[in-house]
Amino acid sequence: MTSFKTFLGAVSGLALTFGAVSAQAEVLFWSTQAQPVEETQKMRDEVVAGFEPGVDYQAPETGPWLTRAQAELSAGSGAVGILGGLHGDLTAVRGGLSDLGDIDISAIPADLAAFGKLETDQQKYIPWMQATFLMVANKKALDYLPEGADLNALSYDQLIEWSRAMAEGEGSPKFGFPAGPKGLKHRFFQGFLLPSYSGSTVTEFRSAEAEEAWGKFRDLWQYTNPASTNYNFMQEQLVNDEVWLTFDHIARISEAFNSRPDDFVAFPVPSGPKGRGFMTVVAGMGVPETAPDKDEAKALIEYMLKPETQIATLRATNFYPVVAVDLPEDVPASVKASGPAIEAMTSAEDALPVLLPMGMGDLNGQFNQVYVDTFEQIVLAGRDIRPTLEQQAEALRALMNQAEAPCWLPDAPSQGACPVN
């Protein structure tokens with residue numbers, strides 16, 4: 001985030017890599033986010049420009065970001081004031097992050113704020129912005145919503161009943177799912193369905209609760225458009241009315257709202273017995289122990305959490321606020337629709353946040369494939385759930401052991417590879 005002073009004096013060659021030290025007392029914001037040139041410039045001009053005494057916002061690739069962070073921490077001094085990155089980025093330097101427990105984060109949902117503890121008893125980072133997945137319905141689908149159902153508190157059983165009623169009422173299935181080759185189906189199973197029933201992504205993969213979850217999804221598939229195995233970005237099927245009800249990443253539904261803003265509604269994902277599991281992409285802000293002015297860095301974090309700054313960040317990066325905001329009228333229709341739904345989901349009493357897979361490295365694709373294979377065998381091929389889970393659990397266990405990847409939320413912390421019970 002900033003540049004060295006003491007350390008650069010000792011290792012001057014690094015200055016060619018990290019840049020010259022600013023003469024002003026700016027806070028160096030060293031971030032893996034907003035890397036595209038236009039986003040970086042918007043961050044400088046429209047987001048951090050209002051902070052005094054100033055901010056030097058730099059957005060290197062993850063490799064150089066980590067190299068500098070580790071170098072300054074190893075040297076015991078440095079110029080970076082704030083380290084900005086995804087949860088996984090900050091996990092890599094957690095031992096060198098200051099405790100930010102004195103910053104007021106009461107406006108951030110507790111479950112989201114808890115990510116920033118990084119499995120310690122200290123607030124190692126403050127959530128900064130987020131992205132996630134949502135449900136979307138054509139307003140015509142609302143006529144079939146089960147009696148007494150609340151869009152902001154829907155259950156999987158109600159989703160199945162809703163989809164059944166639409167299929168019967170319209171003569172064909174109107175629920176669609178991104179099960180195509182480039183669809184994010186694996187994220188639904190990893191971050192939504194399985195955690196909602198088993199409270200786990202990995203450890204309880206073959207549990208009785210996971211077996212129930214797959215049974216529910218197979219029930220839902222009866223009322224799902226069979227062309228879903230070709231669907232990748234659900235905004236396309238929403239716009240052409242092929243689908244009236246669906247799930248997808250917010251970036252993959254945005255054009256439906258932007259092209260037909262009066263025709264669709266966004267709402268939280270359903271809940272199961274263990275809660276409303278949802279996968280969130282969280283970016284946070286940490287202060288390294290070597291920051292030249294920790295108080296100034298903390299003041300910048302507080303500035304970044306102001307509603308107006310959160311809105312400016314949304315405009316610059318398309319990441320959503322972590323605090324409640326009143327969105328201005330001139331934001332895109334997709335933002336107006338998604339923002340309240342994200343807030344309702346993340347602040348729900350039964351919210352169960354789930355992180356992206358961590359620590360899998362080159363095995364990440366094989367990890368995802370386990371969930372895809374399980375779906376294809378149980379739902380598409382109609383194989384029995386229990387033996388399929390037993391078989392796939394062994395494949396999953398082998399991958400976890402090979403990667404030596406510890407558990408991530410919602411699974412409990414592990415010493416060594418995350419176990420598959």
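Values below: all heavy atoms of this structure, side chains included; hydrogens, waters and symmetry mates excluded.
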Is the backbone of [Y] close enough, under 3.5 Å, to the side chain of [X] for a donor and an acceptor to pair up by distance?
X    : Y    : value
N232 : K182 : yes
Q235 : E255 : yes
T309 : L305 : no
T229 : G180 : no
N225 : K174 : no
D293 : E296 : yes
Q158 : S155 : yes
K336 : E329 : yes
R218 : V379 : no
Q35  : P60  : yes

Listed partners of D121 passing salt bridge (Lys or Arg N to Asp or Glu O under 4.0 Å), at least two apart: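 In terms of salt bridge (Lys or Arg N to Asp or Glu O under 4.0 Å), with neighbours along the sequence ignored, D121 is linked to no residue.
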Less than 4.0 Å between a side-chain N and a carboxylate O, is that true for [Y] and [X]?
X    : Y    : answer
R68  : E72  : yes
E390 : R386 : yes
D263 : K139 : no
R164 : E168 : yes
K216 : D157 : yes
E289 : K294 : yes
D241 : R260 : yes

Test: R252 cationic atom under 6.0 Å from F233 six-membered ring centre, within 45° of axis: yes
Whether over 12 other heavy atoms sit under 6.0 Å from [X] [atom1]:
X    : atom1 : result
K274 : NZ    : no
E38  : CD    : yes
E404 : CD    : no
D326 : CG    : no

Note, [X] side chain near [Y] side chain (heavy atom, < 4.5 Å):
X    : Y    : answer
D89  : L66  : no
V420 : T203 : no
Q237 : T246 : no
M129 : Q310 : no
L356 : M279 : yes
P109 : P353 : no
Q130 : V281 : no
F51  : V27  : yes

Chi angles and distances behind the salt bridge (charged side-chain N to carboxylate O under 4.0 Å, His left out) call for E211, R206: CA-CA 7 Å; E211 188 173 355; R206 60 171 142 206; over 6 Å; no
Atom pair CD (Q123) and CG (L97), whose distance is rounded to the nearest 0.5 Å: 11.0 Å
CD1-CE distance between I126 and M304, expressed to the nearest 0.5 angstrom: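 Output value for this atom pair is 13.0 Å.
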Step-by-step salt bridge (charged side-chain N to carboxylate O under 4.0 Å, His left out) determination, K124 to D99: CA-CA 5 Å; K124 291 293 190 176; D99 183 11; over 6 Å; no
Sub-6.0 Å ring centroid separation between [X] and [Y]:
X    : Y    : value
W214 : Y197 : no
W128 : F29  : yes
H186 : F375 : no
F115 : W408 : no

All pairs passing side chain to side chain donor-acceptor pair (under 3.5 Å) where residues 356-372 contributes a residue, at least two apart: R187-N368, Q190-N368, Q369-D373
Minimum heavy-atom separation for [X] to [Y], with atom names?
X    : Y    : value
N138 : F264 : CA-CD2, 3.6 Å
A113 : P127 : CA-CG, 3.9 Å
F175 : S228 : O-OG, 4.4 Å
A333 : N258 : N-OD1, 3.4 Å
G81  : V287 : O-CG1, 3.7 Å
G191 : V354 : O-CG2, 3.5 Å

Derivation and outcome, side-chain contact (heavy atoms from CB on, under 4.5 Å), residues T91 and M358: CA-CA 10 Å; T91 298; M358 295 170 55; 3.6 Å; yes
Test side-chain hydrogen bond (donor to acceptor under 3.5 Å, both in side chains) applied to Y320 and E343, step by step: CA-CA 9 Å; Y320 282 71; E343 182 184 344; over 6 Å; no
Residue pair T40 / Y57, side-chain donor-acceptor N/O under 3.5 Å: no
Under 3.5 Å side-chain donor-acceptor pair for N421 and E204: yes
Partners passing ring pair (Phe, Tyr, Trp, His ring centres under 6.0 Å) against F192 (at least two apart in sequence or in another chain): F133, F247
Qualifying residue, where the test is ring-ring contact (aromatic ring centres under 6.0 Å, His included) with F177 and the options are Y223, F217, Y231: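 Of the listed residues Y223, F217, Y231, the ring-ring contact (aromatic ring centres under 6.0 Å, His included) partner of F177 is F217.
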